[in-house]
Engineer: 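Following this message is one structure expressed as structure tokens.
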Amino acid sequence: MSLSIKDDEIDIVIGALRPDLTAFMNEWRTVFSRFHLIIVKDPDLKEELKIPEGFNLDVYKKPDIDRVVGTSTSTIFSGYSCRYFGYLVSRKKYIISVDDDCYPAKDNKGILVDAVAQHITNLTTPATPFFFNTLYDPFTEGADFVRGYPFSLRSGVQCALSCGLWLNLADYDAPTQALKPEERNSRYVDAVLTVPARTLMPISGINIAFNREVIGPALLPSLRLGGEGKFRWETMEDIWSGMCVKVVCDHLGLGVKTGMPYVWRNDRGDAIASLRKEWEGVKLMEEVVPFFQSVRLSREATTTEDCVAEVANVVKEQLGSKDPMFARAAKAMVDWVKLWKSVGSSTSSPGA
């Protein structure tokens with residue numbers, strides 16, 4: 001991890017969709033015990049959380065969420081979207097978020113991967129979105145810019161978002177996983193890439209990190225499927241949020257990286273049973289991707305909040321009439337910016 005980053009500049013945000021976090025926390029103990037943790041309990045979860053001792057953490061439950069944002073707003077934080085509440089109440093510069101069904105991975109040498117250290121390395125070294133370097137991340141030890149790479153672009157830009165990957169159960173959609181029920185990802189690729197400017201990607205919320213001060217308001221809970229469930233392949237909130245944040249990063253000249261660190265993702269859910277729930281989202285992508293590819297923001301949009309507000313307006317104008325889901329997403333984006341400005345700058349702790 002970068003020597004210039006202190007442990008107290010980092011929050012680990014965990015959305016708790018399962019009541020017993022004992023195994024999860026113990027597996028991550030050697031990594032997480034150095035940092036402050038924010039655990040947000042899914043408001044729909046009725047059972048009490050089981051969390052082992054020995055961690056510096058704050059736990060937010062439904063009464064805490066209601067107190068901070070109000071009962072009418074707290075419904076947006078159900079399911080996987082509960083982690084966004086952690087993003088909202090954090091006051092740290094960097095946030096790392098890992099799903100509660102993921103454990104630390106091991107690299108090709110059998111060494112346990114420190115996901116936090118790799119994410120912070122990704123965020124604190126420049127990204128190179130304007131010209132692709134064929135030797136992966138040139139700021140990685142043992143690599144550099146290849147012949148022909150313009151020297152005028154070698155300083156790169158600030159990296160705002162780091163998207164990690166997964167061993168074992170890859171983040172496939174339900175149709176793909178249903179067709180390949182036994183397929184598991186066993187390839188650990190020792191590489192990090194900058195995603196080129198004006199290139200969209202399906203950003204997964206399973207294993208990510210970001211600079212909250214720079215891009216925080218762009219990671220937002222807004223698009224909710226009609227039959228949204230409690231498994232990743234039954235949701236689209238992180239995919240929609242990811243396209244929003246990528247458009248914002250491109251406009252503001254910020255970078256996004258993908259690749260290491262890996263986590264080990266445990267098997268969970270039934271892809272075939274989830275197929276009907278996610279099919280709505282699968283169809284939506286055919287319309288959503290061309291839309292986001294066409295979005296261009298104005299010169300007046302100079303902050304992340306400005307950018308999100310402009311994207312929301314375009315969503316309302318161009319997609320709102322096609323499906324009520326888009327109209328609701330646009331409103332949720334505008335409401336989120338207001339919430340970030342009001343709650344995101346105040347001090348809030350559980351039970352305060």
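Computed over heavy atoms, backbone and side chain alike; hydrogens, waters and symmetry mates excluded. Counting begins at 1 with the first residue of the sequence.
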Engineer: Do His36 and Asn56 pair up side chain to side chain, a donor and an acceptor below 3.5 Å, judged on atom types alone?
Structural biologist: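 Absent: no donor and acceptor within the cut-off.
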Engineer: For Ile95, does its backbone N or O pair with a side-chain atom of His119 as donor and acceptor, under 3.5 Å?
Structural biologist: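 Checked: no pair found.
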Engineer: Drop me the distance from Asp171's CG to Gln177's CD, to the nearest 0.5 angstrom.
Structural biologist: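 Spacing of CG (Asp171) from CD (Gln177) equals 9.5 Å.
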Engineer: Could you walk me through whether Arg212 and Glu9 satisfy the salt bridge (charged side-chain N to carboxylate O under 4.0 Å, His left out) test, starting with their C-alpha distance in whole Å, then the side-chain angles of each, then the deciding distance to 0.1 Å, before giving a yes or no?
Structural biologist: CA-CA 10 Å; Arg212 184 184 182 276; Glu9 294 182 82; over 6 Å; no
Engineer: Can you find a side-chain donor-acceptor pair between Asn122 and Gln118 that sits under 3.5 Å?
Structural biologist: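 Per modelled atom types, Asn122 and Gln118 side chains form a pair under 3.5 Å.
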Engineer: Less than 3.5 Å apart, any donor N or O on the side chain of Thr71 or Asp66 sitting next to an acceptor on the other?
Structural biologist: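 No, Asp66 and Thr71 have no side-chain donor paired with an acceptor closer than 3.5 Å.
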Engineer: Are the side chain of Ser90 and the backbone of Tyr87 linked by a donor-acceptor contact shorter than 3.5 Å?
Structural biologist: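 Such a contact is absent between Ser90 side chain and Tyr87 backbone.
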Engineer: Does a donor on one side chain sit under 3.5 Å from an acceptor on the other, for Glu183 and Tyr172?
Structural biologist: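 There is such a pair between these side chains.
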Engineer: Walk me through it: do Trp264 and Tyr188 pass the test ring-ring contact (aromatic ring centres under 6.0 Å, His included)?
Structural biologist: CA-CA 11 Å; Trp264 180 273; Tyr188 182 96; over 10 Å; no
Engineer: Is the backbone of Ala16 close enough, under 3.5 Å, to the side chain of Asp100 for a donor and an acceptor to pair up by distance?
Structural biologist: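 It does not hold such a pair.
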Engineer: Of all heavy-atom pairs between Ser241 and Leu220, which one has the smallest distance, and what is that distance?
Structural biologist: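 Nearest pair, atom of Ser241 first, then Leu220: OG-N, 3.2 Å.
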Engineer: Can any side-chain N or O of Asp238 pair as donor or acceptor with the backbone N or O of Gly205 at less than 3.5 Å?
Structural biologist: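 Yes; at least one donor-acceptor contact below 3.5 Å.
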Engineer: How long is the straight-line distance from OG1 of Thr73 back to NZ of Lys338, given to the nearest 0.5 Å?
Structural biologist: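 Separation between the atoms: 11.0 Å.
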Engineer: Give me the ring orientation class for Phe131 and Tyr149: parallel if the planes are under 30° apart, tilted from 30 to 60°, perpendicular past 60°.
Structural biologist: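 Phe131 and Tyr149: perpendicular rings.
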Engineer: Let me check something: do Leu135 and Leu153 share a hydrophobic cluster, defined by ILVMFWY side-chain heavy atoms less than 4.5 Å apart, either directly or through other members?
Structural biologist: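 Unlinked, Leu135 and Leu153 end up in two clusters.
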Engineer: Using the salt bridge (charged side-chain N to carboxylate O under 4.0 Å, His left out) rule, take Asp8 and Arg91 through it: C-alpha gap first, then chi angles, then the decisive distance, then the call.
Structural biologist: CA-CA 10 Å; Asp8 61 6; Arg91 296 295 173 267; over 6 Å; no
Engineer: Nearest heavy-atom pair of Ala309 and Val337: which atoms, and what distance?
Structural biologist: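 Shortest heavy-atom contact: N-CG2, 4.5 Å.
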Engineer: Would you check if the side chain of Asn133 reaches a backbone N or O of Asp137 as a donor-acceptor pair within less than 3.5 Å?
Structural biologist: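 Side chain of Asn133 to backbone of Asp137: no pair is present.
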Engineer: Determine, using the 4.5 Å side-chain heavy-atom cutoff (strictly less than), whether Val248 and Phe130 are members of one ILVMFWY cluster.
Structural biologist: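 They do not share one cluster, since no chain of ILVMFWY contacts under 4.5 Å joins Val248 to Phe130.
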Engineer: Any donor-acceptor pair under 3.5 Å linking the side-chain atoms of Thr176 with those of Asp173?
Structural biologist: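 Their side chains do contain a donor-acceptor pair, which is all the 3.5 Å distance test asks for.
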Engineer: Say whether, by atom type as modelled, one donor and one acceptor occur between the side chain of Thr303 and the main chain of Asp306 under 3.5 angstrom.
Structural biologist: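 Here the side-chain-to-backbone pair exists.
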Engineer: Just verifying a value: how many Å separate Ile12 CD1 and Lys92 NZ, rounded to the nearest 0.5 Å?
Structural biologist: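 One finds 9.5 Å between CD1 of Ile12 and NZ of Lys92.
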Engineer: If we ignore hydrogens and angles and just use 3.5 Å, is the side chain of Asn211 paired with the main-chain N or O of Tyr94 as donor and acceptor?
Structural biologist: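 No.
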Engineer: Students often mix this up, so state it plainly: with edges at 30° and 60°, are the rings of Tyr60 and Phe85 parallel, tilted or perpendicular?
Structural biologist: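 Tyr60 vs Phe85 ring planes: perpendicular.
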Engineer: Under the 3.5 angstrom rule, does the side chain of Lys41 hit a backbone N or O of Glu47 as a donor-acceptor pair?
Structural biologist: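 Indeed, once roles are kept as given, a pair shorter than 3.5 Å links the two residues.
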Engineer: Consider only side-chain N and O atoms of Lys257 and Thr125, and report whether a donor and an acceptor are under 3.5 Å apart.
Structural biologist: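 Checked: Lys257/Thr125 side chains pair up, N/O donor to acceptor below 3.5 Å.
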Engineer: Looking only at heavy atoms, which two atoms of Pro43 and Phe77 are closest? And how far apart?
Structural biologist: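 In terms of heavy atoms, the two residues are closest at CD-O, 3.1 Å.
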Engineer: Where do Cys159 and Ala127 come nearest, in terms of heavy atoms and distance?
Structural biologist: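 Looking at all heavy atoms of both residues, the shortest contact is CB-CB, 4.1 Å.
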Engineer: Closest approach of Lys106 and Leu167, non-hydrogen atoms and distance?
Structural biologist: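 It is O-CD1, 3.9 Å.
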Engineer: Look up atom CZ in Arg83 and atom CD1 in Ile14, then write down how far apart they are to the nearest 0.5 Å.
Structural biologist: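 Rounded to the nearest 0.5 Å, the CZ-CD1 separation comes out at 12.5 Å.
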Engineer: Looking only at non-hydrogen atoms, find the nearest pair between Asn207 and Pro261 and report the distance.
Structural biologist: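 Here Asn207 and Pro261 meet closest at ND2-O, 2.9 Å.
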Engineer: Taking side chain as C-beta onward, heavy atoms only, is Phe139 less than 4.5 Å from Thr121?
Structural biologist: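 Side-chain contact under 4.5 Å: no.
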Engineer: Does the side chain of Ser222 come under 3.5 Å of the side chain of Glu237 through a donor N or O and an acceptor N or O?
Structural biologist: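 Checked: Ser222/Glu237 side chains show no N/O donor-acceptor pair below 3.5 Å.
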Engineer: Can any side-chain N or O of Asp99 pair as donor or acceptor with the backbone N or O of Cys102 at less than 3.5 Å?
Structural biologist: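 It does not hold such a pair.
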Engineer: May I ask you to decide whether Lys341 forms a salt bridge with Glu305, counting only side-chain N to carboxylate O separations under 4.0 Å?
Structural biologist: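 Salt bridge: no.
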Engineer: Are the side chain of Thr124 and the backbone of Ile120 linked by a donor-acceptor contact shorter than 3.5 Å?
Structural biologist: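 Answer holds: yes.
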